[in-house]
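Just so you know, ligand 1 is whichever comes first in the structure, and atom 1 is the first atom listed for that ligand.
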Amino acid sequence: MPFKYYKDNREFIKALEKSGDLVTIEQEVDWDMELGAIVRRACEKNSPAPYFKKIKDYPGWEAFGAPMSTWRRLNIAMGLDPETPINELQDEYIRRITAPTIKPVEVSRENAPCKENLLTGDDVDLFKLVAPMVHGGDGGRYLCTWHMVVGASLKAPDNVNWGMYRQMVFDEKTMCGPVLPFSDMGKMFYEEYAPIDKPMPFATVIGMDPLSGIAACAPAPYSEAEYTGQLMGEPVELVKCETNNLLVPAHAEVIIEGEIIPHVGIEEAPFGEYTGYRTSPRAARTVYKVTCITYRHNPILTVSNMGIPTDEGQLLRSFSLALEMRKLLESQQIPISGVYMLPESTHHLVAVGVRNAYPGIAHQIGHLVFGSKLAPWFHMVMVVDDKTDIYNLNELMHDFSTKLHPSKGIHIYKSHVGTPLYPFADPADRKYGKGDKVLFDCLFPLDWPLAETPIKVGFSNPDIYPLEIQEKVLSSWKEYGFKD
Ligand SMILES: Cc1cc2nc3c(=O)[nH]c(=O)nc-3n(C[C@H](O)[C@H](O)[C@H](O)COP(=O)(O)O)c2cc1C
């Protein structure tokens, strides 16, 4: 049975407008930093998403900024009540992605709005598309910041990947950007195509429906198109590209087709990154040669402005990486109460709640998650008692400050896999994507005598206030004169 979902970004924009989660900007804005600055400030203030109706030099083009940078917008994208708590959103998401996968369906060109306009041959010119200068100091204009790149394995062509890999415009027919070697597309390109000097067909999709965007961002263990189907509860509609055999979401705004060229690099970056810093230097990066562009009438570009939290990359990666960790820890029968990756930490810090069932349980969690495929994206794991509300920053801070032993509770794991983007890493470690990790064990040791184990003094601890007292106080709260 299909869930409530939006077939394209236009329906999603309308839903956000209705719920008060969108600001429509009618006055003209400049693609050269003004648009980016508005999106940045909206992220930092948790404002509604800006929808730009008029962009300097680009009549007919519109832009949609910060599409999913708040929990409210993620809930709306999932067809849920905007105020759904994070743990309920997690449960619903897990329910969907653990149901049987749903294969996509192919639709004809006539039923694919992304084919309304076509540029091929000499007409291909990326400067006809509104690529913003997202941040001051960026190495160029970034057309693709909230998009997905579609690519297929050479050895197993049915293995098709959707992922987000930023792309900067280099010239009329060329884009460039980093593809990290541990990403799914990195593995395909560097391990299958490049060794035999074969260009890899790609299709960049801009302005796909929100659930396809969530899937592209997620560390999906199988086809993101089927994963999208699970999130939708019915097949996602795809259409064949004009110049290669790849299939792309039929209702997207813009499709850029071409080939990724092996053994050449074009200088890309610097760029304002998800860590909230400009870290990685200008360097030769992956090259995308463009052969064809298709787009809808009055296309709407989606723009993510990465920087100080919270943007959609931080929010969505925090969300989906935590869920994969939850699945991993549950598969090993670790008695966890939940996993929460804090978007405010740019997903560098993960809180895991666990029943303190046996000595060494925090280390077991540390080894499992640091040893997983997800590890490059975070370096701090904090293990807390299952009675701590992991979604409550105050409670986490209290455990961190009171239960973490400064020498016995902090464990460093050296020379792990990292990314070149870690601001704290020295330049050599950044160059090679090395990253140390740290485990904060915020559990009281089990070998302490019970009588000498400190007791938390809180309203909801039944050892402090019996349940009948708690219930009486809760039910009389407003009568006492309190508002909330
Ligand atoms: C907005 C955004 C931009 C990203 N940019 C890049 C990038 O430029 N290069 C990269 O390798 N990964 C980038 N990522 C991370 C990948 O998209 C991420 O690995 C994604 O989950 C794809 O997973 P997969 O590679 O395991 O399929 C970005 C993620 C987001 C949300």
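Considering backbone and side-chain N/O of Arg166, one or more are found under 3.5 Å from N/O of ligand 1. Of the N or O atoms in Pro178, one or more lie within a sub-3.5 Å distance of an N or O in ligand 1. Inclusion of Asn161 in the set of residues having an N or O under 3.5 Å from an N or O of ligand 1 is warranted. Considering both main-chain and side-chain atoms, Cys217 comes within under 3.5 Å of ligand 1 through a nitrogen or oxygen pair. The distance criterion of under 3.5 Å between nitrogen or oxygen atoms is not met by Trp162 with respect to ligand 1.
Considering Ser304, Ala216, Ala269 only, the shortest heavy-atom separation from atom 22 (C) of ligand 1 involves Ala216. If you check each of Met148, Met164, His147 against atom 2 (C) of ligand 1, the one with the closest non-hydrogen atom is Met164.
Residue Arg317 approaches ligand 1 through these ligand atoms, each under 4.0 Å from one of its heavy atoms: 14 (N), 15 (C), 28 (C), 29 (C), 30 (C), 31 (C). Distances below 4.0 Å separate heavy atoms of Ser183 from the following atoms of ligand 1: 25 (O).
The shortest contact between atom 11 (O) of ligand 1 and any protein heavy atom is with Leu180 N, 2.8 Å. Among protein heavy atoms, the minimum distance from atom 10 (C) of ligand 1 is reached at Tyr165 CD2, 3.4 Å. In terms of protein heavy-atom proximity, atom 18 (C) of ligand 1 is closest to Trp377 CZ2, 4.2 Å. Of the protein's heavy atoms, Asp184 N, 2.8 Å lies nearest to atom 25 (O) of ligand 1. Atom 23 (O) of ligand 1 has Ala218 O, 4.1 Å as its closest protein atom, hydrogens excluded (heavy atom only).
Tyr142 and His135 have their aromatic ring centers separated by at least 6.0 angstrom. In summary, the aromatic rings of Tyr413 and His379 are positioned with their centroids too far apart to meet the 6.0 Å limit.
Taking the charged nitrogens against the carboxylate oxygens, Glu237 and Lys7 do have a contact shorter than 4.0 Å, which makes a salt bridge.
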Which donor-acceptor pairs under 3.5 Å do side chains of residues 176-184 form with protein atoms, sequence neighbours excluded?
residue	atom	partner	partner atom	Å
Ser183	OG	Leu180	O	2.7
Ser183	OG	Gly186	N	3.0
Asp184	OD1	Lys373	NZ	3.3

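Residue pairs meeting the side-chain hydrogen bond (donor to acceptor under 3.5 Å, both in side chains) criterion with at least one partner in residues 193-205, sequence neighbours excluded, are Gln167-Thr204.
For Gln167, the heavy-atom gap to ligand 1 stays at 4.0 angstrom or more.
Note that the CZ atom of Arg166 and the CG atom of Asp138 stand 8.5 Å from one another [nearest 0.5 Å].
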